[in-house]
Amino acid sequence: MAKILISKENLFHNLKIISNHAGSKEKVAVVLKDNAYGHGLLEIAKLCNEFGITKAVVRTLEEALDIEPFFDDILILSQKKFHTYSHAFHIALNSLEDINNLPDYCKVHIKVDTGMHRNGILPKELRSAILGLLKKNIKISGIFTHHRNADCLSTDFFWQSSIFRDVKANVKNICEELSLDIPCFHSCNSSALFRHNNFSEDFARVGIALYGYIENDSTFNLPDLKPVLSLWAEKITTRVIKKGQCLGYGGTYQAQKDMTVSTYDIGYGDGFLRLNENQEYLTAKGYKILGRVSMDNISLSTQDKEVCIFDDVRELAKIQNTISYEITTTLSRDIRRIIK
Ligand SMILES: *Cc1c(COP(=O)(O)O)cnc(C)c1O
């Protein structure tokens, strides 16, 4: 059966680099949304807990409930209805209207739109958000924003950072005026964290770097991260095809000589998507994928019992004209995740 191996050694290597750069383990919130970017929510949550990380970020309440035993603080980015609640949870407020959907006495991080124009309240809505939350006895435990372009060499990062500095000052004033505790502030994802030389916010929300990738322009000083996930497929059958015979759907691969080929149990149904047919893809050991990717099969010219399809997704991402995030996140939840 196909499987995903999770390298604990590489994950811990990355966590060490990230927490050193952030200043401490407490300054790192690991982003575990979407099945930990395809790596396996519980597997990664347990390992991060073992390393000593205490904060996590997820998308939904269900994910938060699954990992509650492993973290002190869990930020839930996108959930409208709450059938249950825990004091480890901090709910992201994405709009003023959403205040009505929040449970009384919960904890909230207000998301502020500093220029991405996706989610969050506007800076000028801060006062009404804070007053609205107070009316429901909700504790404002954090204020945050998200960069639209931290991975690229452009002025956007500085522009949004400066707006967020004003937001911080404004929130501090409002809190003093209303005798509220000052909430924590956070704005950095992986790319933004590694653009800071002296990181001074309360914590960073680190996703992709945890898994061993960073998409920043190469002009930046990049950390030496190691990919955590490798995808493995098992042989189903082996056969000899004759010179001139064609392989798989559409017969797009034609044998130039008699050759031995095997099929392996991975395909687009498992999240290993069909390839751009104008570009060849080689597995980690250099076997070329022959013909089209089927739903549950690929063909390779080897007889190895097991083949590593990739242990670094950057090459595949390049061929697919996408980003590393998309390759790992697409991998099916049904594939076994094994920690090694
Ligand atoms: C996904 C996400 C992150 C993590 O981003 P990376 O680039 O993977 O580090 C951080 N913050 C928010 C709000 C996110 O949605």
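All values reported here derive from a predicted model rather than from experimental measurement. Indexing begins at 1, ligand by ligand and atom by atom, following the structure's order. The first residue in the sequence is number 1, and the count goes up from there.
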Exercise. Does a donor on one side chain sit under 3.5 Å from an acceptor on the other, for Thr263 and Ser299?
Worked result: no
For this session: May I ask you to check whether Asn35 and His39 show a side-chain donor-acceptor distance below 3.5 Å?
Result: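 No, His39 and Asn35 have no side-chain donor paired with an acceptor closer than 3.5 Å.
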Taking [X] first and then [Y], would you say they form a salt bridge - that is, a charged N and a carboxylate O separated by under 4.0 Å?
{"X": "Lys3", "Y": "Glu306", "result": "yes"}
{"X": "Lys80", "Y": "Asp98", "result": "yes"}
{"X": "Arg195", "Y": "Asp151", "result": "no"}
{"X": "Lys235", "Y": "Asp304", "result": "no"}
{"X": "Lys305", "Y": "Glu234", "result": "yes"}

Exercise. If you measure from atom 5 (O) of ligand 1 to every heavy atom of Leu75, Asn189, Thr145, which option wins on shortest distance?
Worked result: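 Considering heavy atoms of Leu75, Asn189, Thr145, the nearest to atom 5 (O) of ligand 1 sits in Asn189.
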Distance to 0.1 Å, residue and atom name: give those for the protein heavy atom nearest to [atom].
{"atom": "atom 8 (O) of ligand 1", "result": "Tyr37 OH, 2.6 Å"}
{"atom": "atom 7 (O) of ligand 1", "result": "Tyr325 OH, 2.6 Å"}
{"atom": "atom 9 (O) of ligand 1", "result": "Ser190 OG, 2.5 Å"}
{"atom": "atom 11 (N) of ligand 1", "result": "Arg205 NE, 2.8 Å"}

Part of [X] within contact of ligand 1 (heavy atoms, under 4.0 Å):
{"X": "His146", "result": "side chain"}
{"X": "Lys33", "result": "side chain"}
{"X": "Ile208", "result": "both"}
{"X": "Val57", "result": "neither"}

For this session: Please say whether Gly207 places an N or O atom under 3.5 Å from an N or O atom belonging to ligand 1.
Result: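 It does: an N or O of Gly207 is found under 3.5 Å from an N or O of ligand 1.
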